[in-house]
Amino acid sequence: MIQIQNYSEKFESEYRKAVIDKIPTPCQKLILKSCKKYLPTNFFDESSDEFKTLLLAPLQKLKEAYSFINENSLEIMNKESFIKSDKNNPPMKKLYKKLHDSYSIIANSEVNKVSVRVRLVRSSGLNVCPYCNRDYINCRADNVAGAQLDHFFNKAKFPLFSICLYNLIPVCGNCNRIKGAQKLEFSSPFDSSINWINDITFTYDGTTSDDMKIIVKTESGTEHNIAGMRIREAYQIHSTEVLELIEKKQMYNNTQNEEIQKVLGKINLSDSEIKKIIFGPEITEDQFKNKPLTKMMYDLHKELKIYP
């Protein structure tokens with residue numbers, strides 16, 4: 001629902017350092033040797049630091065690798081990563097178990113008494129969950145993150161991606177828990193090929209608290225995010241906010257403007273200033289990442305022609 005921009009080079013460098021401090025060079029070399037057996041042959045093209053390429057691979061590169069593995073080399077990846085077993089969830093081999101388990105150690109490690117997990121959330125610029133735009137995920141202390149980190153590509157199935165920076169998405173606990181139980185193909189907030197403003201839109205149907213229904217429309221592959229994480233169901237509790245907005249719009253007219261001006265006397269506010277008092281400031285796209293429900297209210301403001 002909210003697009004996340006790529007991290008700064010400064011934070012990418014900090015994250016890389018945190019990882020290589022916890023994963024020794026011999027282990028890095030073994031991981032690279034193993035994963036080259038099942039990754040696309042061009043994954044490390046012209047790279048002078050292959051482990052850095054793996055850690056900081058952008059989402060598009062990870063998506064291409066994920067598709068390639070599923071279509072061409074899933075059996076090889078599983079042979080490299082897991083101990084042969086008849087179980088649905090076979091145990092990981094020692095090398096990949098170390099990589100998988102390193103995630104928590106790295107995320108909780110501290111630089112100047114600030115955990116990497118907290119630094120990641122702060123660097124994302126997010127205060128609310130990018131999946132639902134409902135729950136705050138702001139940090140509560142330098143070593144207490146308000147967010148969970150979703151592994152967009154499941155680290156239990158794809159342990160190689162456990163510590164890839166752009167596989168880690170700061171989200172609320174509800175979205176992370178619900179998404180983790182699904183087998184759907186979701187869309188990552190790092191995916192710049194999606195028009196997140198236009199491809200997920202809110203509207204409504206109904207006029208009373210008894211029949212009000214908040215409707216979420218989707219395009220371009222975002223439906224699994226909304227349906228899989230039960231976003232529509234979560235938003236129905238906000239029908240009160242929608243009804244209040246509609247009532248304000250119905251009451252807001254030129255006649256009422258004149259009455260307000262009379263009450264205020266010599267203050268002489270403009271129509272836009274009065275509108276701001278009634279509806280609050282105009283919501284901009286930049287605010288989606290900072291305040292809950294802003295995407296819904298942004299769409300409804302446009303539908304009701306409160307703001308252009």
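Quantities reported herein were computed from a predicted structural model and do not represent experimental measurements.
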Only pairs at least two apart or in different chains count here, so list each salt bridge (charged side-chain N to carboxylate O under 4.0 Å, His left out) that has a residue in [range].
range: residues 191-203; value: K63-D191
range: residues 143-172; value: D150-K179
range: residues 19-29; value: K17-D21

Looking at [X] and [Y], would you say the former's side chain and the latter's main chain have a donor-acceptor pair under 3.5 Å?
X: N167; Y: I163; value: no
X: N154; Y: A156; value: yes
X: S109; Y: I106; value: yes
X: H301; Y: I306; value: no
X: R122; Y: C139; value: no

In Å and rounded to the nearest 0.5 Å, what is the CD to CD1 distance from Q236 to I215?
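With rounding to 0.5 Å, CD (Q236) is 8.5 Å from CD1 (I215).
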Closest non-hydrogen atoms of D299 and K295, given as atom of the first, atom of the second and distance, are OD2-NZ, 2.6 Å
Might you point out which heavy atoms bring Y131 and I231 nearest each other, and give the distance in Å?
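Heavy atoms of Y131 and I231 come nearest at O-CD1, 4.0 Å.
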Y38 and F68: same hydrophobic cluster, using ILVMFWY side-chain contacts below 4.5 Å?
no
For Y166 together with Y7, are the ring centres under 6.0 Å from each other?
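Yes, close enough.
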Between F202 and Y235, is the ring centre distance below 6.0 Å?
yes
Heavy atoms of other groups near K97 NZ, more than 12 under 6.0 Å
no
Going by side-chain hydrogen bond (donor to acceptor under 3.5 Å, both in side chains), name the pairs with one or both residues in residues 65-79, residues two or more places apart or in two chains.
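Output for this query lists Y66-E185.
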Who passes side-chain hydrogen bond (donor to acceptor under 3.5 Å, both in side chains) against K10, sequence neighbours left out?
E14
Mutual orientation of the aromatic rings belonging to F161 and F153 [parallel < 30°, tilted 30-60°, perpendicular > 60°]
tilted
Results of side-chain contact (heavy atoms from CB on, under 4.5 Å) for Q148 - residues two or more places apart only
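For Q148 the side-chain contact (heavy atoms from CB on, under 4.5 Å) partners, ignoring immediate neighbours, are N176.
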